[in-house]
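Predicted model only: the values in this text are computed from it and were never measured. Below, each value reflects all heavy atoms present in this structure, side chains not excepted, and no hydrogens, waters or symmetry copies.
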Amino acid sequence: MNKVLSVALMLVIFACSNTKPVINAQIMATEPFIIYKTKADYSNLVPVILNAEKTAIVSYPAPSDVLRAGELALPLPLIKGYLIDVRGIGPHVAFTSYTYSTYSQLDQAPSIEQLFKSIVDIDPLVEMYNCSEFIQDKYNMKKANKLVKSGFKACLKIR
């Protein structure tokens, strides 16, 4: 009983304390830095995210989501056909027949059924890497191309 009372008292004291928790900057999440390569050139086509079975769309952008600061959020080209993702794709990505330009002009996103029917490649990836730990400035093309040249030694292979 004494142990329970001691623990309860410590919890009350800690809860009433004015101290703030220390946040370790290395633990804080960063925006993913994804480099990928596809079977064909889909760089101008709007991506959607499928479930693991590739039978349904689980995530898709609003027309305004394909823009960044008023510009089309196209992936950035690197050497050897690799691309830097700026939209937020993952290993279950598929590409639709909608171009970024056409999609950005829509008043609202097509229905999920329409989007699923518009998929041009349900399994487009050749390779995908998460390089978040290596590079914080995803728009540093020089460093990103060095990653490609190194064979992605500093990155985690996703696919």
Side-chain angles (χ1 to χ4, degrees), residues 20-159:
K20 295 180 181 176
V22 176
I23 299 172
N24 184 339
Q26 292 178 335
I27 295 174
M28 292 175 65
T30 60
E31 183 179 349
F33 175 42
I34 304 295
I35 295 178
Y36 66 101
K37 188 178 213 177
T38 54
K39 296 175 187 173
D41 182 7
Y42 303 121
S43 61
N44 194 35
L45 300 182
V46 174
V48 294
I49 306 300
L50 303 175
N51 62 3
E53 298 78 26
K54 300 186 183 243
T55 57
I57 294 174
V58 296
S59 178
Y60 61 94
S64 61
D65 291 340
V66 300
L67 298 171
R68 298 249 190 232
E71 300 287 325
L72 296 175
L74 298 168
L76 303 174
L78 295 172
I79 61 173
K80 299 183 181 181
Y82 287 94
L83 300 163
I84 296 175
D85 170 50
V86 297
R87 266 277 316 121
I89 67 169
H92 301 299
V93 69
F95 291 94
T96 67
S97 59
Y98 291 96
T99 65
Y100 277 77
S101 180
T102 301
Y103 198 84
S104 70
Q105 300 300 314
L106 297 175
D107 291 329
Q108 63 184 23
S111 69
I112 289 183
E113 293 81 18
Q114 288 173 307
L115 280 172
F116 196 83
K117 287 178 185 174
S118 77
I119 293 174
V120 296
D121 194 338
I122 206 156
D123 189 28
L125 295 177
V126 174
E127 296 174 78
M128 180 177 270
Y129 300 89
N130 183 339
C131 303
S132 299
E133 295 299 317
F134 178 74
I135 188 169
Q136 296 302 316
D137 179 10
K138 74 187 313 183
Y139 303 107
N140 186 327
M141 305 303 282
K142 192 173 190 175
K143 283 187 179 180
N145 279 319
K146 280 185 180 181
L147 286 172
V148 174
K149 288 178 186 175
S150 77
F152 300 97
K153 289 182 181 174
C155 302
L156 174 65
K157 186 169 186 172
I158 299 172
R159 176 138 188 217

Legend entry - Minimum-distance pair of heavy atoms, taken over all atoms of Lys80 and Val148: CD-CG1, 3.9 Å
Run the side-chain donor-acceptor check on residues 151-159: report pairs under 3.5 Å with partners two or more places apart or on a different chain.
unit_1	atom_1	unit_2	atom_2	d
Arg159	NH1	Asp123	OD1	2.8
Arg159	NH2	Asp123	OD1	2.6
Arg159	NH2	Asp123	OD2	3.4

Inset, instruction - Sort and list the pairs that fulfil side-chain hydrogen bond (donor to acceptor under 3.5 Å, both in side chains) and have at least one residue in residues 42-51, not counting sequence neighbours. - result: Asp41-Ser43, Tyr42-Asp121, Asn51-Glu53, Asn51-Thr55
Inset, instruction - Kindly write out the residues that satisfy side-chain contact (heavy atoms from CB on, under 4.5 Å) with Leu72, not counting sequence neighbours, or none if the list is empty. - result: Leu67, Leu74, Tyr100, Ser101, Ser104
Legend entry - Side-chain heavy atoms of Ile57 within contact of Ile49, under 4.5 Å: no
Legend entry - Nearest atoms (heavy-atom pairs only) where Ala73 meets Arg68: CB-CG, 3.5 Å
Inset, instruction - Calculate, to the nearest 0.5 Å, the distance between atoms CD and OG1 belonging to Gln105 and Thr99 respectively. - result: 9.0 Å
Legend entry - Separation of Phe95 CZ from Lys39 NZ (nearest 0.5 Å): 11.5 Å
Legend entry - Non-neighbouring partners of Ser150 that pass side-chain hydrogen bond (donor to acceptor under 3.5 Å, both in side chains), sequence neighbours left out: none
Legend entry - Contact summary for Pro47 and Pro61, nearest pair of heavy atoms: O-CD, 3.5 Å
Inset, instruction - Supply the atom-to-atom distance Tyr129 OH to Tyr82 OH, rounded to the nearest 0.5 angstrom. - result: 5.0 Å
Legend entry - side-chain hydrogen bond (donor to acceptor under 3.5 Å, both in side chains) against Tyr60, all qualifying residues, sequence neighbours excluded: none
Legend entry - NZ/Lys54: more than 12 non-hydrogen atoms of other groups inside 6.0 Å: yes
Inset, instruction - Applying side-chain contact (heavy atoms from CB on, under 4.5 Å), name anything that partners Pro110, two or more places apart in sequence or on another chain. - result: Tyr98, Tyr103, Leu106, Gln114, Leu115
Legend entry - From OG (Ser59) to CD1 (Ile112), nearest 0.5 Å: 9.5 Å
Legend entry - Heavy-atom check, side chain of Tyr36 versus side chain of Asn130, under 4.5 Å: no
Legend entry - Spatial distance of atom CD1 (Ile122) from atom NE2 (His92) [nearest 0.5 Å]: 12.0 Å
Legend entry - Pairwise side-chain contact, Ile35 with Glu127, heavy-atom cut-off 4.5 Å (strictly under): no
Inset, instruction - Would you mind reporting whether Val93 and Asp85 have side-chain heavy atoms less than 4.5 Å apart? - result: no
Inset, instruction - Decide yes or no for Val120 and Thr96: does some side-chain heavy atom of the first lie under 4.5 Å from some side-chain heavy atom of the second? - result: no
Inset, instruction - Could you check if a side-chain atom of Leu83 sits within less than 4.5 angstrom of a side-chain atom of Pro77, using non-hydrogen atoms only? - result: yes
Legend entry - Met128 to Ile89 - nearest heavy-atom pair and separation: CE-CD1, 3.7 Å
Inset, instruction - For residues Met141 and Leu78, report the shortest heavy-atom separation together with the two atoms involved. - result: CE-CD2, 3.6 Å
Inset, instruction - Kindly indicate whether the side chain of Phe116, heavy atoms from C-beta on, has any atom under 4.5 Å from the side chain of Ser111. - result: no
Inset, instruction - Using the side chain to side chain contact (heavy atoms under 4.5 Å, CB included) rule, take Leu76 and Val86 through it: C-alpha gap first, then chi angles, then the decisive distance, then the call. - result: CA-CA 8 Å; Leu76 303 174; Val86 297; 4.1 Å; yes
